*Asks:* 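I have a structure I would like to understand better, so I am pasting it below and will then ask my questions one at a time.
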Amino acid sequence: MTQPHGSQFFCPDCKTFHTAESAFGRWIRNNSKLDSGLGFCVIDQDYWIHAYKTFENRDFQCLMAVEIKTHGGKVSNAQRDTLHILNQILRNRKNLTPTKKDRFALAPFLKVHSAMLNREVNLRSFGVFVLTFSGIGPEDSGVITWSGGDGRARGVTITTDQLTKLLKFELDPDTFMPIDELLRNHHQTPFKKNLHLFEDEQAA
């Protein structure tokens, strides 16, 4: 079988903990033919964040995937590899220069068809991020951290208000600068080089 599901919830009726997964997820986990020891990894992706933005009379669709960790949980090696691959596929930020260590911006800028608008739109895909709660969510966590890419980078401690702005794409999830600066500026530097800007704001 695959590894035990990390997220659990407490049932007040039966007074026991249960894995917080679907029937399909539990079936995969208990299927002996789908053994994680054989190089098989299944990630129940937590959230896809998709927002519509307008700037200087241009429309943009912003997209990112967010993996959630509760109780200060860590990304496993198998998850890290999968998230790292997805992060490379999903990113199309040509304003973040790739290096040998930080594989940003491998995908080209895209125009995609929106089923809702029934026309082509500009897509800015930011990749994968890891959101870690010291508790089970924003309301009971003393510490909330936001990590770029596959979670290998040092997490930045954020507030619930800053989390809201990140999810609304009011803040660039890599640089923490106002998202309008991204849409205007095509020469920004990667996430780790701008951490001090966000930390200075927190210290103020």
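Computed from heavy atoms alone, side chains included, the values below leave out hydrogens, waters and symmetry copies. Keep in mind that what you see is a predicted model, and the values were worked out from it rather than measured.
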*Asks:* Between atom NZ of Lys69 and atom OG of Ser134, what is the distance when rounded to the nearest 0.5 Å?
*Replies:* 15.5 Å

*Asks:* Is a side-chain donor or acceptor of Trp146 paired with a backbone partner of Pro173 at a separation under 3.5 angstrom?
*Replies:* yes

*Asks:* So Phe60 and Val121, side chain to side chain contact (heavy atoms under 4.5 Å, CB included) or not? Walk me through it.
*Replies:* CA-CA 6 Å; Phe60 296 90; Val121 297; over 6 Å; no

*Asks:* Side-chain heavy atoms nearer than 4.5 Å, only ILVMFWY residues, links allowed to pass through others: does that put Val112 and Trp48 together?
*Replies:* yes

*Asks:* Applying side chain to side chain donor-acceptor pair (under 3.5 Å), run through Gln61 and Lys111 and close with a yes or a no.
*Replies:* CA-CA 9 Å; Gln61 302 279 351; Lys111 276 188 173 293; over 6 Å; no

*Asks:* Would you check if Leu167 and Gln162 make a side-chain contact, meaning some heavy-atom pair closer than 4.5 Å?
*Replies:* no

*Asks:* In Å and rounded to the nearest 0.5 Å, what is the CD1 to NE2 distance from Ile89 to His84?
*Replies:* 10.5 Å

*Asks:* Could you report the tightest heavy-atom contact between Leu90 and Ala65, atom names first, then the distance?
*Replies:* CD1-CB, 4.5 Å

*Asks:* If we only count heavy atoms from C-beta on, is the Leu63 to Arg124 side-chain gap below 4.5 Å?
*Replies:* no

*Asks:* Kindly compute the distance separating OG1 (Thr70) from CZ (Phe133), expressed to the nearest 0.5 Å.
*Replies:* 9.0 Å

*Asks:* Atom OH of residue position Tyr47 - does it have more than 12 heavy atoms of other residues, nucleotides or ligands inside 6.0 Å?
*Replies:* no

*Asks:* Roughly how far, to the nearest 0.5 Å, is the NZ atom of Lys53 from the NZ atom of Lys168?
*Replies:* 7.5 Å

*Asks:* How many angstroms lie between CG in Leu131 and CG in Leu163, if you round to the nearest 0.5 Å?
*Replies:* 5.5 Å

*Asks:* For Asp140, which residues count as a side chain to side chain donor-acceptor pair (under 3.5 Å) partner, sequence neighbours excluded?
*Replies:* none

*Asks:* Go through Arg80 and Val75 one step at a time and tell me if the side chain to side chain contact (heavy atoms under 4.5 Å, CB included) criterion holds.
*Replies:* CA-CA 6 Å; Arg80 179 177 293 111; Val75 176; 3.8 Å; yes

*Asks:* Would you please name every residue forming a ring-ring contact (aromatic ring centres under 6.0 Å, His included) with Phe169, sequence neighbours left out?
*Replies:* Phe126

*Asks:* Output yes when Lys165 and Asp172 qualify as a salt bridge under the 4.0 Å nitrogen-oxygen rule, no when they do not.
*Replies:* no

*Asks:* So if I apply the side chain to side chain contact (heavy atoms under 4.5 Å, CB included) rule between Ile158 and each of Leu171, Val143, Leu166, Thr145, which one comes out positive?
*Replies:* Leu166

*Asks:* Any non-hydrogen side-chain atom of Ile49 less than 4.5 Å from a side-chain atom of Val66?
*Replies:* yes

*Asks:* Any side-chain heavy atom of Phe129 sitting closer than 4.5 Å to one from Leu83?
*Replies:* no

*Asks:* With heavy-atom distances below 4.5 Å as the criterion, would you say the side chains of Gln79 and Glu67 are in contact?
*Replies:* yes

*Asks:* Quick one: does Ser114's side chain have a donor or acceptor within less than 3.5 Å of a partner on Leu117's backbone?
*Replies:* yes

*Asks:* Quick one: pull up CD1 in Ile68 and CD1 in Ile136 and give me the separation to the nearest 0.5 Å.
*Replies:* 12.5 Å

